[in-house]
Amino acid sequence: MSTQPGVLYVVATPIGNREDITRRAERILAEVDCIFCEDTRHSGRLLADLGIGTRRVSLHEHNEHARVEMLLEHLRRGESCALISDAGTPLINDPGYVVVRAVRAAGMLVVPVPGASAVVAALSAAGLPTDRFCYEGFLPARGAARRARLEELAQDTRTLVFYESPHRLAEMLADACAVFGGEREACIAREITKVHEQFKHGSLQELERWSREDPNASRGEIVVMVRGAESAASTGIDSERLLRVLAAELPASQAARIAAALTGEPRKRIYERLLARESPGSGADDV
Ligand code: SAM
């Protein structure tokens with residue numbers, strides 16, 4: 001089967017090991033009229049290794065909107081085009097969403113050519129549950145926003161997957177310990193498919209210590225996976241009853257802290273529930 005005219009192919013490329021390109025991807029990249037690349041020089045090296053000389057045009061986060069018309073023009077002329085990013089699957093924390101949407105809206109075909117993606121590669125070898133997972137991409141870089149996002153996820157029972165920059169890993173893990181509890185199981189996948197590939201398992205607390213003590217921990221490309229929260233049903237705890245008992249004996253902040261540790265529910269949310277029960281002006285302490 002050869003490439004069809006007027007079609008945009010969204011092609012995955014390797015995330016490290018150059019052998020992780022599919023035969024179909026190779027053929028399509030060789031056959032299309034034009035390849036839109038996140039970085040033409042970076043992709044030029046991969047394409048040269050594959051012996052592919054197809055014309056390249058840049059399409060990155062800063063010119064994606066401007067490139068839409070140009071790409072549509074190519075397709076309207078009956079040319080076929082491919083879209084690739086620097087590594088892995090385009091649109092997965094990479095450019096492409098704007099053009100894929102525009103091509104679909106114009107009534108033309110978008111065809112996926114699947115292959116490597118760090119999120120799936122990491123999950124496939126981590127040994128954490130994969131029946132349901134939540135891909136979160138990059139967390140916000142700033143502490144307060146990052147913690148707020150983690151709070152939103154604290155009760156999610158699915159395996160959580162984050163991309164993280166190496167120099168923020170230790171901070172991110174410290175925040176994850178504070179919000180999810182240090183005992184939560186996690187796995188860090190580093191440099192997947194490359195020479196220094198590493199999968200490091202442990203509790204969040206152990207991984208946080210490792211990230212501070214081992215200089216290799218903060219090198220290369222990183223995926224962080226965190227086991228989901230135990231569901232209320234699986235902990236067997238009646239959280240309403242627990243809260244009633246604790247609130248009768250302890251200040252709200254302490255009751256919230258203990259209930260959060262036992263149920264996995266975010267401490268802030270429990271504290272707010274406690275405040276809502278108290279009569280106005282009862283003067284709850286800080287959490
Ligand atoms: N489009 C890519 C994909 O499909 O996975 C993701 C691109 S995103 C800009 C780059 C991030 O993906 C890195 O910061 C890292 O978190 C993750 N990543 C990419 N390649 C990786 C690898 N070989 N090992 C671990 N993480 C990787």
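Note that ligands are numbered from 1 as they come in the structure, with each ligand's atoms numbered from 1 the same way.
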I'd like a table of the close N/O pairs between ligand 1 and the protein (anything under 3.5 Å), one pair per line with both atom names and the distance.
from     : atom 1 : to   : atom 2 : distance (Å)
ligand 1 : 1 (N)  : A87  : O      : 3.1
ligand 1 : 1 (N)  : T89  : O      : 3.1
ligand 1 : 1 (N)  : I92  : O      : 2.9
ligand 1 : 1 (N)  : D94  : OD2    : 2.7
ligand 1 : 4 (O)  : T89  : N      : 2.9
ligand 1 : 4 (O)  : S117 : OG     : 2.7
ligand 1 : 5 (O)  : S117 : OG     : 3.3
ligand 1 : 5 (O)  : A118 : N      : 2.8
ligand 1 : 5 (O)  : Y163 : OH     : 2.6
ligand 1 : 16 (O) : I222 : O      : 2.6
ligand 1 : 20 (N) : E221 : OE1    : 3.3
ligand 1 : 23 (N) : I15  : O      : 3.0
ligand 1 : 23 (N) : I192 : N      : 3.4
ligand 1 : 23 (N) : I192 : O      : 2.9
ligand 1 : 24 (N) : I192 : N      : 2.9

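- Under the 4.0 Å criterion applied to side-chain N and carboxylate O atoms, R76 and E73 are assigned as salt-bridge partners.
- Using a 4.5 Å heavy-atom cutoff, the side chains of E19 and P14 are not in contact.
- Between E31 and R24 there is no salt bridge, since no side-chain nitrogen of the basic residue lies less than 4.0 Å from a carboxylate oxygen of the acidic one.
- Shortest non-hydrogen contact noted between L243 and A259 is CD1-CB, 3.7 Å.
- Between E151 and R147 there is no salt bridge, since none of the side-chain N atoms of the basic residue sits less than 4.0 Å from a carboxylate O of the acidic one.
- Closest approach of P166 and R219 over heavy atoms only: CB-N, 4.2 Å.
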